[in-house]
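For reference, the structure discussed in these notes is given below.
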4 protein chains.
Amino acid sequence: MHTVIFGRHLASMNRDLPPDIFHIATGSSEPIYRQMIEQLRRLVAGGQVKGGDGMPSVREVATALGVNPMTVSKAYSLLEGEGLLARRRGLGMVVAEREAQFHDHAARLLLLQPNLERIAVEAKQLELEPAAVIAMLADMLK
Amino acid sequence: MHTVIFGRHLASMNRDLPPDIFHIATGSSEPIYRQMIEQLRRLVAGGQVKGGDGMPSVREVATALGVNPMTVSKAYSLLEGEGLLARRRGLGMVVAEREAQFHDHAARLLLLQPNLERIAVEAKQLELEPAAVIAMLADMLK
Amino acid sequence: MHTVIFGRHLASMNRDLPPDIFHIATGSSEPIYRQMIEQLRRLVAGGQVKGGDGMPSVREVATALGVNPMTVSKAYSLLEGEGLLARRRGLGMVVAEREAQFHDHAARLLLLQPNLERIAVEAKQLELEPAAVIAMLADMLK
Amino acid sequence: MHTVIFGRHLASMNRDLPPDIFHIATGSSEPIYRQMIEQLRRLVAGGQVKGGDGMPSVREVATALGVNPMTVSKAYSLLEGEGLLARRRGLGMVVAEREAQFHDHAARLLLLQPNLERIAVEAKQLELEPAAVIAMLADMLK
DNA sequence: GTGGTCTAGACCACT
DNA sequence: GTGGTCTAGACCACA
């Protein structure tokens, strides 16, 4: 799969992530490449994926997901532009060391904040009881 | 705020709604017409807008929002197809009497459910403490 | 080409830039989309293109340059991600207002700095006389 | 800096070059093998490296730079094809005697010319004052 | 009309 | 083997 000829040249590459780290909802209106981007962002922020981890190759992911390699490539490129992935030319992509630091709990919570705010606005427009909304969310989080 | 342009004295004290009942985030990735549709649905379900209320004209809304009249027209047409608005020939759109009934609290909560579920999924991927997420939402709902 | 139906809906759109603002060296090893990106960055920094200016459409540029629309689209998308362009959905791209501010002379000089530093390193490795290098550059800048 | 590993006493006091004569920017978009080629060309033209000097082995350079030996080998092969390096069977590569002559100052300046022209073009697109550009370069060349 | 997404396939550069 | 670039063409959503 990824034959290493000279062991020491990828000192920073920890492990190769499996091609099935991405889970795509093909029915969703959200573009495939965008689903991939947001998933990887969360995986990194949550610590499931660490800096230096070797990403599965574009072709591997493409076959695993049954999508066109260009679609995967687009996601990778955008993640590279974002600083989350780094290219090892001729070798593949790795999770960037600097950017992919653990976010602490507070930082991760901040990532959810804008989405929570949207919920709050909608709940108010619906004139819902705060307690009922909170109870529903609490139930889902179990 | 609620300036009445043409006093329309009909049965059951209904009002003419102002052109600024919609609040559009032009920067959002959500289409304008869809923002309008969902806002009106919530306003009706929450009771801020009642059956028989007169909608502002396409042109009024378009200028108030700085949006293409075609976009407003599209939203109105879809809401009409949905049964939430009704066309009164020569008089413009009014909120439909039959469809636009108060939803009770449980029904309104159901409208929020899918969005809450998205939040729950994201919170789990971020490995957030349920208590922290709930506390944040509770704070926003005050 | 760009028929405006209702004049007031694009208050911030100053003028439509011609499709030939880009000059592509097809022989270059530098990718087409990257040439476009760097050219627009410089045009904005230099003030030749201002915030609010309407970009020519993807299809116009593509035919003017004789390249695939997707190539132009890629450049536009990356420039949007960079904040230099903004999408007006259904209407096309405009130069972003916030990002596309005049750079003053000092700021523009900073854009050239890294490239100049590369030159300096190379000149030293070639053990060139500073005066000769400077004279050559001065001649080219006339 | 110039540590001699194996004293090789041949005609015309030539040295063994250290494995760290190359300085690679792995983050650069310029390919590693190309960086190596251009650096060696400049070092030879500038006289820091002379005909007959012994190049460090592929393996030495690869480990010193943390680069794949194939990459170093590719650079060496291309430099050999160019005539700048020569293969001494069983002894490794040496800098070629015939090709690796001092370039006089004018010839070396010519090597820098294309890069300077790129700078000039960019400076014009940025509408920079020639004097300011020249001053900045002069400062760097000190 | 606008841009966005995805597919299929070819070719290239780098390691 | 790796990713990058470009083309050609189809389909969609938005205004």
Side-chain angles (χ1 to χ4, degrees), chain A residues 1-6 9-10 16 24 26 28-35 54-62 65-77 80 85-94, chain B residues 26 29-35 62 66-75, chain C residues 1-6 9-10 24 26 28-35 54-62 65-77 80 85-94, chain D residues 26 29-35 62 67-75:
Chain A
M1 197 67 84
H2 181 249
T3 55
V4 176
I5 305 179
F6 298 89
H9 301 106
L10 296 173
D16 286 322
I24 298 304
T26 55
S28 165
S29 74
E30 190 165 17
I32 296 171
Y33 79 93
R34 186 149 289 283
Q35 292 183 46
M55 293 295 293
S57 82
V58 166
R59 292 160 174 84
E60 280 174 338
V61 175
L65 262 54
V67 300
N68 191 295
M70 274 211 59
T71 304
V72 181
S73 179
K74 181 173 187 175
Y76 276 23
S77 294
E80 186 199 3
L85 293 185
R87 282 219 313 261
R88 295 273 175 267
R89 278 176 310 191
L91 298 173
M93 306 287 262
V94 296
Chain B
T26 55
S29 74
E30 192 167 13
I32 295 170
Y33 81 94
R34 185 152 292 282
Q35 293 183 44
V67 154
N68 195 305
M70 299 273 292
T71 306
V72 181
S73 178
K74 179 172 187 175
Chain C
M1 198 61 91
H2 181 251
T3 54
V4 175
I5 304 180
F6 298 88
H9 301 107
L10 295 172
I24 297 305
T26 54
S28 165
S29 74
E30 190 166 18
I32 296 171
Y33 80 93
R34 187 149 288 283
Q35 292 183 46
M55 293 295 293
S57 81
V58 166
R59 293 159 172 85
E60 279 173 339
V61 174
L65 263 53
V67 301
N68 190 294
M70 273 212 60
T71 305
V72 181
S73 179
K74 182 173 186 175
Y76 276 23
S77 293
E80 186 199 5
L85 294 185
R87 283 219 313 261
R88 295 273 175 268
R89 278 176 310 190
L91 298 173
M93 306 285 262
V94 296
Chain D
T26 54
S29 73
E30 192 168 12
I32 296 171
Y33 82 93
R34 185 154 291 281
Q35 292 183 45
V67 154
N68 195 306
M70 301 272 292
T71 306
V72 181
S73 179
K74 178 172 187 175

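Nothing here was measured: the structure is a model prediction, and the numbers come from that model. Here is how names work: the chains are called A, B, and so on, in the same order as the sequence lines, proteins then strands, and each is numbered from 1.
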Under 4.0 Å from OP1 or OP2 of E/dG4: is there any side-chain N or O of C/Ser77 that close? yes
Can you tell me how far the CE atom of C/Met55 sits from the CZ atom of C/Arg87, to the nearest 0.5 Å? 14.5 Å
Heavy-atom closest pair (C/Gln35 atom, C/Ser28 atom, distance to 0.1 Å) is NE2-CB, 3.7 Å
Kindly express the pairing pattern of DNA chain E in dot-bracket notation, using | wherever a base pairs with another strand and counting only Watson-Crick or G-U pairs under 3.5 Å. ||||||||||||||.
Please encode protein proximity along nucleotides 7-15 of chain F as a string of B, S and -, counting only heavy-atom distances under 4.0 Å. BBB----BS
Establish, with yes or no, whether the OP1 or OP2 oxygen of E/dC14 is under 4.0 angstrom from a side-chain nitrogen or oxygen of A/Arg87. no
Taking every non-hydrogen atom, the tightest pair across C/Glu80 and C/Met93: CB-CE, 4.1 Å
With rounding to the nearest 0.5 angstrom, report the CD1 to CZ distance, A/Ile24 to A/Arg34. 12.5 Å
Taken to the nearest whole Å, CD/A/Glu60 to P/F/dT2 is 6 Å
Compare side-chain N and O positions of C/Ser73 against OP1 and OP2 of E/dG4 and report whether any pair is under 4.0 Å apart. yes
Side-chain donor-acceptor contacts of residues 65-76 of chain A below 3.5 Å, not counting sequence neighbours, with atom names and distances?
unit_1: A/Asn68; atom_1: OD1; unit_2: A/Met70; atom_2: N; d: 2.7
unit_1: A/Tyr76; atom_1: OH; unit_2: A/Pro56; atom_2: O; d: 2.6

